[in-house]
Amino acid sequence: MSFLDEDYLLETEAARTLYDGIADLPILDPHSHLDVRELVENEGWNDVWAVEGATDHYVWAAMRARGVPEERITGDASNREKWTALAEVFPELAGSPTYEWVHLDLKRRFGIETPISAATADDIWAETARQLESDEMRPQELLREMSVEVVCSTDDPTSSLDLHERAAEEVEGVDVLPTWRADRAVHVGHREWDAFVDELAEATGIDTSALDGFLDALAATHDHFAAHGCRASDLSVREPVSRPVDRRRAERIYAAERRGEGLTDEERADFAAFVLEYVGELNAEKGWVTQLHVGPVRDYRDDLFERLGSAAGGTVTTNDVDVADGLRHFLNAFDGELDVVLYVVDPTHYPTITTIARAFPNVSVGPAWWFNDSPIGMERQLEYVGSVDLLANHAGMVSDSRKLLSFDSRFELFRRTLANVLGRHVERGQMPMAHATDLAEHVALDRPRELFGFE
């Protein structure tokens, strides 16, 4: 087998046949970090670093791990210098999903099959720059070439969604939908919470000095997102907390925080639980999917956070998270009334969320996320979900990407891995080819279409 050839990741004849059946299916992406402004302005990029490294914290982390100075990653060095620095260490990234994603991007989008290295850096820079001048390499054209039918961005509740209005009018052939991201609403006591409450009042024109106004303003933004085609909310937490919390207690906590009084850990947890249940109620009314991303320990490396802020590559994972107890009240409160998708960053939590999905038919295991978003991580997760719950109930794939060129390659990795897992079942006599074929298409396309209500 040659590097990234037609049999890439496919170990059996059955896997090859299964992949052929799903390789060209449309892409439905329920969770991404798409830059909607970049998409609607459709100006494109000038160089390969802009499309492959400028927004990709996986690339940044790999470069740091190989000793590249920050100046040539996120600093003031030119894009040419940053690309050269990446190329110099790229052979040392072999074995990582980043190594495969970037090479897939170059092969699928630019037709470049030459491995990246110091010796090839200049030629790849020149060839990609030449091709990026073409109108065919602009964002909207690329999404259509990738057969992306639906892509959901991630948006703060205070967003006006004016860019989504432009996308609805100007982007042909692709539905660009917002996702209501509730993090700043839930995390009372966080450094951004008070600013969020003030922004919420400004965005909605509703007085948020008391809890009632805060909740009414959240509901108003929820309605605004629904009017723009939103299908889901999203919330990322280190550890989920759900339990019954009296409204009067939530009012007292809210008032204390707005007065600048310090809150106890229990008060912060109670308020988070109260708002999470309120979000569930809003979602249930509209039939939205509730996406919960659980477990990341964000901003763990102080130096990175102080210099670059969040999402700079300084997040780590821990298995010290009680997912089962943390979600028990919420899941029972909305049993059968709310579609929930669970993503976990630590693979030790797969048994918990998979058995939760087994117990609650309205709960689905989301795709392998973050540090697990690799062929080996996807394969292990799919095998486990299939053996403990049902592969047919897996939520499918998401790009979770800030980098438009990687949407296609990440879905390709998932589909090849899915085909390989199912192909082994066929070869071992665990299922007939006809059922494997149906299951591959279901997980790759039909399941996310049904779950998120994409037309």
Tell me, please, which residues at least two apart from [X] pass side chain to side chain donor-acceptor pair (under 3.5 Å).
{"X": "Asp303", "answer": "Arg307"}
{"X": "Glu81", "answer": "Ser78"}
{"X": "Asp400", "answer": "His31, His33, Trp369"}
{"X": "His190", "answer": "none"}

Does any donor atom in the side chain of [X] or [Y] lie under 3.5 Å from an acceptor atom in the other side chain?
{"X": "Ser401", "Y": "Ser32", "answer": "no"}
{"X": "Ser409", "Y": "Asp105", "answer": "yes"}
{"X": "Ser153", "Y": "His164", "answer": "yes"}
{"X": "Thr74", "Y": "Trp60", "answer": "no"}
{"X": "Glu192", "Y": "His187", "answer": "no"}
{"X": "Asp234", "Y": "Thr179", "answer": "no"}

Ionic contact status for [Y] with [X], cut-off 4.0 Å:
{"X": "Glu199", "Y": "Arg184", "result": "yes"}
{"X": "Arg249", "Y": "Asp270", "result": "yes"}
{"X": "Asp408", "Y": "Arg108", "result": "no"}
{"X": "Arg258", "Y": "Asp198", "result": "yes"}
{"X": "Arg37", "Y": "Asp35", "result": "no"}

* Asked: So, do Leu404 and Leu142 sit near enough that their side-chain heavy atoms are less than 4.5 Å apart?
  ->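 Touching, per the 4.5 Å side-chain cut-off.
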Got His57 and Leu308 here, is their nearest side-chain heavy-atom distance under 4.5 Å?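 No, their side chains stay 4.5 Å or more apart.
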Main-chain N/O of [Y] paired to [X] side chain as donor or acceptor, under 3.5 Å:
{"X": "Tyr343", "Y": "Pro367", "answer": "no"}
{"X": "Arg231", "Y": "Gly229", "answer": "yes"}
{"X": "His103", "Y": "Ile116", "answer": "yes"}
{"X": "Glu52", "Y": "Leu106", "answer": "no"}
{"X": "Lys82", "Y": "Ala54", "answer": "no"}
{"X": "Glu71", "Y": "Ala77", "answer": "yes"}

With sequence neighbours left out, write down each residue that passes ring pair (Phe, Tyr, Trp, His ring centres under 6.0 Å) with Phe274, or none if nothing qualifies.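 Phe274: no ring pair (Phe, Tyr, Trp, His ring centres under 6.0 Å) contacts found.
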Q) Under the ring pair (Phe, Tyr, Trp, His ring centres under 6.0 Å) test, which residues partner Tyr350, sequence neighbours left out? A)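 None.
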Closest heavy-atom pair and its distance - [X], [Y]:
{"X": "Met146", "Y": "Ile27", "answer": "O-CD1, 3.6 Å"}
{"X": "Val321", "Y": "Gly295", "answer": "CG2-CA, 4.4 Å"}
{"X": "Pro240", "Y": "Leu327", "answer": "CB-CD2, 3.7 Å"}
{"X": "Leu342", "Y": "Ile353", "answer": "O-CD1, 3.8 Å"}
{"X": "Ser160", "Y": "Asp162", "answer": "OG-OD1, 2.9 Å"}

Applying salt bridge (charged side-chain N to carboxylate O under 4.0 Å, His left out), which residue pairs with at least one partner in [range] are found, sequence neighbours left out?
{"range": "residues 166-180", "result": "Arg166-Glu170"}
{"range": "residues 212-224", "result": "Asp212-Arg247, Asp223-Lys286"}
{"range": "residues 136-151", "result": "Arg109-Glu145, Asp135-Arg138, Glu141-Arg144, Glu149-Arg449"}
{"range": "residues 330-348", "result": "none"}

Next item on the list: Mark yes or no: Arg410 above the aromatic ring of Trp101, with NZ or CZ under 6.0 Å from the six-membered ring centre and no more than 45 degrees from the axis.
Entry: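 Judged by the rule (NZ or CZ under 6.0 Å from the ring centre, within 45° of its axis), Arg410 counts as positioned above Trp101.
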One pair to check against ring-ring contact (aromatic ring centres under 6.0 Å, His included): His293 and Trp370. What are the steps and the verdict? CA-CA 10 Å; His293 286 77; Trp370 210 327; 9.0 Å; no
For Ser236 and Arg298, run side-chain hydrogen bond (donor to acceptor under 3.5 Å, both in side chains): C-alpha distance rounded to whole Å, both residues' side-chain angles, the deciding distance at 0.1 Å, then the answer. CA-CA 10 Å; Ser236 178; Arg298 297 182 184 274; 2.7 Å; yes
Identify all side-chain donor-acceptor contacts of residues 383-392 below 3.5 Å with residues at least two apart in sequence or on another chain.
residue, atom, partner, partner atom, Å
Glu383, OE2, Arg424, NH2, 2.4
Ser387, OG, Glu383, O, 3.1
Ser387, OG, Tyr384, O, 3.0

Which pairs with one or both residues in residues 318-333 pass side chain to side chain donor-acceptor pair (under 3.5 Å), sequence neighbours excluded?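 Of all non-adjacent pairs touching residues 318-333, those that pass side chain to side chain donor-acceptor pair (under 3.5 Å) are Glu277-His329.
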(request) On the 0 to 90° scale, with breaks at 30° and 60°, tag the Tyr254-Phe214 ring pair as parallel, tilted or perpendicular. (result)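 Answer is tilted, since the angle falls between 30° and 60°.
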One pair to check against side-chain contact (heavy atoms from CB on, under 4.5 Å): His224 and Ser159. What are the steps and the verdict? CA-CA 9 Å; His224 182 62; Ser159 173; over 6 Å; no
- Task: Any chance you could lay out the ring-ring contact (aromatic ring centres under 6.0 Å, His included) test for Phe411 and Phe407, step after step, and finish with the verdict?
- Result: CA-CA 6 Å; Phe411 273 81; Phe407 288 9; 7.9 Å; no
